[in-house]
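The structure under discussion appears below in the form of structure tokens.
Residue numbers count from 1 along this sequence. One-based numbering, in listed order, for ligands and for the atoms of each.
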Amino acid sequence: MRVMAQLAMVMNLDKCIGCHTCSVTCKQAWTNRAGTEYVWFNNVETRPGQGYPRQYQDQEKWKGGWILDRKGRLSLKSGSRMKRLLNIFANPDLPTVSDYYDPWSYDYDNLLSSPQIDTVPVARPKSLITGQDTKVTWGANWDDDLGSGPEQVGKDPMLAKLSDKVKLEFEETFMFYLPRICEHCLNPSCAAACPSGAIYKRSEDGIVLVDQDKCRGWRQCVSACPYKKIYFNHKTGKAEKCTFCYPRIEVGMPTVCSETCVGRLRYIGVMLYDADAVQEAASVTDDKDLYPSQLGVFLNPHDPRVIAEAEQAGISTEWIQAAQDSPVYKLIVDYQIALPLHPEYRTMPMVWYVPPLSPVVDVLSETGHDGEDHSNLFGAIDALRIPVEYLAELFTAGEIGPVRAALQRLAGMRSFMRSVNLGQEPDMSIPESV
Ligand code: SF4
Ligand code: SF4
């Protein structure tokens, strides 16, 4: 056992309203300058949808991340050694600015100060990169207006996988928001892909950073990151990424996105993990074992043996205490209601999500409150507006069981709290359907 400490974030998706306060405050703090106009270290994407950059989940298209070669060994990208060496120089698997979408603004000055005219003024969008008029063809949350109907099926690869299992009629469309930052992976493929050794993972807290002095602008990290959460600054010629607001963390403050989140849905905490178990867990070949293998690397911070090993590894008393008090540990390990995003990418992401319970839509509840009638609650999980299968494609490599279990726990908690708030005796029985 080799004990290390890692900062992690859990986001409760039922609470996200897609307001983008997190994105904007992050941009003001970190990417409000030339060369990073198109960059959102924090973005909030519509699901189902294409994401940011568009189609980033299509690993066949980008040939990114960790994949297994024919002998089942972990490797970065496929192909012969020569092809991989050549790829370092060619690196064709990069998103273009239209995949991120051309950032635009308007000539507000002209709009407000133009002389009185008979016709309505027309504001033409101007590219923030070129300053020229631009034709806007895509933007953040464009998918909101498209809904999850049949038109979207081919565009969201996760939805396309389900098209024969989940029938999407007009009345059955669904939508939710997925805020994303860099995952500060336990097994970061951005760092493994960097020919200059410029990307490193801090041993004290697991934050993944780019050394700007060492970066030579190869952009291998951009194609290697399966989440597409590392960006190329076209002015400085260097890669940049979310820093987990380390200057704030170092003085005991939360990240900007967490502090400003309107929904108060982001939890930050410390996890202790077994560094020896990471590679093994990332190499699991059976998809159904991916989520349990990721869960298996976390160590119980209350276990005296773990505490002794952590002290020996130089982890401070404050951090061990923080791991013991961590809301993130409770949500991920104790309650098992937080799940990783795309464990099949094998980078061991450290931003986890409480899946959205949303309203249960076809439960005949006498109270009229959908899904809050205790007797119907657990059997109704499969009747959620958001198909459990879709959530499983996002969070557990298609395995339904852990997602259903997380939703059942959330439903139980919602039922319990509803009774408490109404001053009623909570029904503590476990329905037969569980
Ligand atoms: Fe690197 Fe991408 Fe993982 Fe962030 S999400 S640590 S950029 S591989
Ligand atoms: Fe969602 Fe919070 Fe960001 Fe608003 S600030 S979009 S609620 S994560």
Side-chain angles (χ1 to χ4, degrees), residues 6-29 39-47 51-53 56-57 59 62 64-67 74 76-77 95 140-141 144 175-194 198-202 205-211 215 219-232 238-244 246 254-268 278 282 294 340-354 356:
Q6 166 82 38
L7 275 167
M9 189 183 285
V10 170
M11 301 197 215
N12 183 349
L13 295 182
D14 256 330
K15 294 178 167 186
C16 180
I17 57 170
C19 65
H20 279 286
T21 310
C22 50
S23 315
V24 172
T25 49
C26 171
K27 187 144 195 67
Q28 287 288 56
V39 173
W40 295 94
F41 285 170
N42 180 105
N43 75 289
V44 183
E45 59 202 37
T46 307
R47 290 279 133 195
Y52 164 84
Y56 73 89
Q57 294 166 113
Q59 301 302 316
W62 305 112
W66 294 100
I67 45 181
L74 266 180
L76 269 176
K77 305 195 169 196
N141 308 102
D144 275 17
M175 200 197 86
F176 63 98
Y177 291 108
L178 183 73
R180 293 202 306 122
I181 60 171
C182 161
E183 301 278 345
H184 295 276
C185 307
L186 292 180
N187 184 33
S189 54
C190 58
C194 175
I199 304 179
Y200 61 104
K201 189 166 177 62
R202 300 210 309 187
D205 52 21
I207 295 175
V208 176
L209 296 172
V210 184
D211 182 332
C215 176
R219 285 167 281 175
Q220 290 297 316
C221 50
V222 180
S223 41
C225 171
Y227 300 92
K228 292 287 168 281
K229 272 295 171 193
I230 190 157
Y231 307 84
F232 185 64
K238 314 264 183 186
E240 293 189 20
K241 64 182 289 303
C242 156
T243 63
F244 214 89
Y246 76 87
T255 62
V256 169
C257 57
S258 307
E259 186 162 28
T260 59
C261 173
V262 170
R264 317 303 293 159
L265 61 95
R266 295 172 185 242
Y267 300 83
I268 298 177
V278 167
Q294 303 220 351
L341 181 65
H342 289 307
E344 71 276 20
Y345 296 168
R346 298 160 203 283
T347 59
M348 314 280 288
M350 286 310 294
V351 176
W352 292 51
Y353 294 92
V354 178

Heavy-atom closest pair, residues [X] and [Y]:
X      : Y      : result
Val210 : Ala239 : CG1-O, 3.6 Å
Gly18  : Val44  : CA-CG1, 4.2 Å
Lys238 : Cys215 : NZ-O, 3.0 Å

Please tell me whether Tyr345 and Tyr227 form a close aromatic pair, meaning their ring centres lie under 6.0 Å apart.
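Yes.
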
[X] heavy atoms, cut-off 4.0 Å: which ligand 2 atoms fall inside?
X      : value
Arg266 : 8 (S)
Pro179 : 8 (S)
Val44  : 6 (S)
Val262 : 2 (Fe), 5 (S)
His20  : 4 (Fe), 6 (S)
Cys22  : 3 (Fe), 5 (S), 6 (S), 8 (S)

Would one find an N, O or S atom of Cys257, in either backbone or side chain, under 2.8 Å from atom 2 (Fe) of ligand 2?
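So Cys257 does not bind atom 2 (Fe) of ligand 2 by this criterion.
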
Any heavy-atom pair between the side chains of Lys229 and Tyr56 that's under 4.5 Å?
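The answer is no; the side chains never approach within 4.5 Å.
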
Ring of Phe232, cation from Arg219 - is the NZ or CZ under 6.0 Å from the centre and inside 45° of the axis?
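Yes; both conditions hold, so Arg219 lies above the ring face of Phe232.
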
With a cut-off of 4.0 Å, which atoms of ligand 1 are near a heavy atom of [X]?
X      : answer
Lys241 : 4 (Fe), 7 (S)
Ser189 : 8 (S)
Tyr227 : 5 (S)

Can an N, O or S atom be found in Cys185 less than 2.8 Å away from atom 3 (Fe) of ligand 1?
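It does: Cys185 brings an N, O or S atom closer than 2.8 Å to atom 3 (Fe) of ligand 1.
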
The test is side-chain hydrogen bond (donor to acceptor under 3.5 Å, both in side chains); show your working for Thr46 and Asp144 and say whether it passes.
CA-CA 6 Å; Thr46 307; Asp144 275 17; 2.5 Å; yes

Worked verdict on Arg346 versus Glu344 for salt bridge (charged side-chain N to carboxylate O under 4.0 Å, His left out):
CA-CA 5 Å; Arg346 298 160 203 283; Glu344 71 276 20; over 6 Å; no

Please confirm whether Arg264 approaches ligand 2 to less than 4.0 Å, judged on its heavy atoms.
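No, Arg264 has no heavy atom closer than 4.0 Å to ligand 2.
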
Strictly distance-based, threshold 3.5 Å: is any side-chain N or O of Lys201 a donor or acceptor partner for the main-chain N or O of Cys185?
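A pair under 3.5 Å: yes.
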
Side chain or backbone of Asn42 under 4.0 Å from ligand 2, or both, or neither, by non-hydrogen atoms?
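For Asn42, there is no contact with ligand 2 at all, from either part.
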
Considering only protein heavy atoms, which is closest to [atom], and at what distance to one decimal place?
atom                    : value
atom 1 (Fe) of ligand 1 : Cys190 SG, 2.3 Å
atom 4 (Fe) of ligand 1 : Cys182 SG, 2.3 Å
atom 2 (Fe) of ligand 1 : Cys225 SG, 2.3 Å
atom 5 (S) of ligand 1  : Glu183 N, 3.3 Å

side-chain hydrogen bond (donor to acceptor under 3.5 Å, both in side chains), that's the test. Do Tyr52 and Asn141 meet it? Break it down for me.
CA-CA 9 Å; Tyr52 164 84; Asn141 308 102; over 6 Å; no

Measure up the Phe244 and His184 rings against each other and bin them: parallel (under 30°), tilted (30 to 60°), perpendicular (over 60°).
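Rings of Phe244 and His184: perpendicular, as their planes differ by over 60°.
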
